[in-house]
Colleague: 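Take a look at the following structure, please.
Letters A, B, ... are given to chains in the order of the sequence lines, protein chains preceding strands, and every chain is numbered from 1.
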There are 2 protein chains.
Amino acid sequence: MKTQRVPEATINRLSVYSRFLERLDEKGIITVSSNDIAEGVGVSPPQVRKDLAYFGEFGTRGVGYNVQDLMRYTLKILGLNEPWPLLLVGAGNLGIALSSYYRGFNNRGFSVVGIFDNDLNKIGRKVGNLDVYPPEMMPEIINKHGVRVGVIAVPAKTAQDVADLMVKNGLDAILNFAPVSLNVPDHIVYRNVDLSVNLEILTFNLGLRESQIDTGNL
Amino acid sequence: MKTQRVPEATINRLSVYSRFLERLDEKGIITVSSNDIAEGVGVSPPQVRKDLAYFGEFGTRGVGYNVQDLMRYTLKILGLNEPWPLLLVGAGNLGIALSSYYRGFNNRGFSVVGIFDNDLNKIGRKVGNLDVYPPEMMPEIINKHGVRVGVIAVPAKTAQDVADLMVKNGLDAILNFAPVSLNVPDHIVYRNVDLSVNLEILTFNLGLRESQIDTGNL
DNA sequence: TAGATTGTTAATCGATTAACAATC
DNA sequence: TAGATTGTTAATCGATTAACAATC
């Protein structure tokens with residue numbers, strides 16, 4: 001078995017396919033073609049087949065894919081066949097929203113099990129059914145729930161400190177919502193999500209369009 | 001002037017450079033090299049120069065870039081030389097968080113000027129200093145503030161309806177946080193932000209790493 | 001001038017698309 | 001069998017990287 005390097009874009013799409021399949025399954029749909037999936041999520045049909053081919057042969061020629069089977073395969077590939085307890089740092093607005101977002105009906109197995117903040121005004125408060133803890137309690141919560149993934153929802157200034165603390169406490173992966181790029185050791189799986197960047201790509205494209213109209217190009 | 005197609009990845013990075021430059025400027029740093037920027041945001045130096053080259057020549061050979069000038073250029077390119085009033089639909093947790101996020105100190109000119117929901121329990125409530133309005137009031141708010149960009153923060157089921165309404169009311173761009181891909185006309189600038197996808201890429205990589213350890217590969 | 005760093009071209013790398021044989 | 005759709009190879013396309021001439 002030659003393990004080919006899987007493009008990150010493929011993983012990204014796989015996650016989207018997976019959720020699309022969940023919706024089809026809810027609707028009671030049994031079989032789906034690469035064409036259907038492609039149309040449903042806005043990519044090309046060969047793209048869908050190529051992406052799946054990195055992981056195996058899941059379909060039947062002339063027929064398509066079994067929705068439920070393919071859904072389970074994709075979940076398995078993404079590591080979502082088991083629950084993922086999350087540790088969240090930052091009990092501000094974004095932190096509160098993320099904690100309820102990841103607890104939502106569509107949570108795919110993610111759930112925040114501990115919220116942390118070093119603001120004394122926030123420690124001890126309730127966010128949903130969770131208490132806000134001081135940073136010192138991290139090891140206890142990590143141990144109790146077997147947490148491996150930390151989510152950072154603090155301002156840019158303190159994000160690096162939080163990351164360092166998470167690394168020190170043995171977390172394996174960090175999702176950072178602060179608009180800075182952080183330094184973490186190579187063995188940490190790390191990702192930045194930047195909510196502003198997406199808006200700025202939008203405004204860039206609005207500007208682009210206007211200048212195209214100006215010059216008469218399309 | 002030949003307008004070369006700019007890769008989306010370039011715009012993405014430009015937004016990151018721009019924010020990095022803001023931080024340098026706050027610190028009073030006058031000059032920066034492509035090397036410094038590259039290191040600060042985690043890309044390669046030629047990448048930085050290539051990205052900038054799509055838009056002009058901003059540096060001085062042998063010297064580098066003037067921080068303040070380059071910051072202003074990047075803001076201009078991204079369309080951030082003017083304020084962007086936003087319309088937000090969905091007064092749930094995510095909506096509330098986004099509205100305060102985009103009002104934050106680092107808001108880059110974005111500000112939510114109207115929050116909408118069709119839940120009668122939410123209409124009339126305050127979110128920060130904003131009232132939650134019923135959908136019928138969209139045209140009024142759009143007109144009053146000259147809104148062009150709408151943000152969708154409702155559950156997957158109702159997201160398409162919201163998008164349709166935004167299009168009908170003449171918005172030019174839509175940022176969708178619901179985990180579905182929506183159908184919008186070609187003339188609408190559209191983007192999906194999926195908060196789960198990012199976590200799932202993390203868990204995929206954790207799984208990948210484990211299997212690599214298992215097989216002794218690196 | 002010598003040293004530094006940009007802007008840009010050419011080479012490389014990787015991802016997407018097109019096409020089709022395999023096969024249900 | 002005929003029609004449909006997968007899995008996969010080859011061709012294309014696009015983005016990143018390396019290298020270096022230009023120039024401050």
Colleague: Check each of A:N35, A:T31, A:D36 against A:S33 using the side chain to side chain donor-acceptor pair (under 3.5 Å) test, and report the only one that passes.
Modeller: A:D36
Colleague: Take N1-N3 plus N6-O4 or O6-N4 for Watson-Crick, N1-O2 plus O6-N3 for G-U, both under 3.5 Å. Which runs of 3 or more such pairs involve DNA chain D?
Modeller: C:3-24 with D:3-24
Colleague: Give the intermediate values and the outcome of side-chain contact (heavy atoms from CB on, under 4.5 Å) for residues B:N93 and A:Y101.
Modeller: CA-CA 7 Å; B:N93 280 290; A:Y101 184 89; over 6 Å; no
Colleague: Is it true that, when you exclude A:Y73 itself, more than 12 heavy atoms of the residues, nucleotides or ligands shown sit nearer than 6.0 Å to its OH?
Modeller: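 For A:Y73, atom OH is not crowded (no more than 12 foreign heavy atoms under 6.0 Å).
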Colleague: Find the distance between OG1 (A:T203) and CZ (B:F110) and round it off to the nearest 0.5 Å.
Modeller: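 The distance works out to 4.5 Å.
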Colleague: Report which part of the nucleic acid B:T10 touches: base, sugar-phosphate, or nothing (heavy-atom distance under 4.0 Å, all strands).
Modeller: nothing
Colleague: Say you draw a straight line from CD1 of A:I188 to CG of A:L171; how long is it, rounded to the nearest 0.5 Å?
Modeller: 7.5 Å
Colleague: Might you confirm whether atom CD1 of A:I29 has over 12 heavy atoms from other residues, nucleotides or ligands at distances under 6.0 Å?
Modeller: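 Yes, the 6.0 Å shell around CD1 holds more than 12 heavy atoms from other groups.
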Colleague: Charged N to carboxylate O below 4.0 Å: is that the case for A:D172 and B:R209?
Modeller: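 Between B:R209 and A:D172 there is no salt bridge, as every charged N stays at least 4.0 Å from the carboxylate O atoms.
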Colleague: Is B:K157 paired with A:E26 through a side-chain N to carboxylate O contact shorter than 4.0 Å?
Modeller: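 Looking at B:K157 together with A:E26, the answer is no, because their closest N to O distance does not fall below 4.0 Å.
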Colleague: Which comes earlier along DNA chain C counting from the 5' end, the contact point of A:P46 or that of A:E8, where each point is its nearest nucleotide?
Modeller: A:E8
Colleague: Between B:A53 and A:G62, just flag the one whose closest nucleotide in DNA chain C comes earlier from the 5' side.
Modeller: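 That would be B:A53.
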Colleague: Can you pull the contact range of chain B along DNA chain D, 5' to 3', using atoms under 4.0 angstrom from its heavy atoms?
Modeller: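 Going 5' to 3' along DNA chain D, contacts run D:dA15 to D:dC24.
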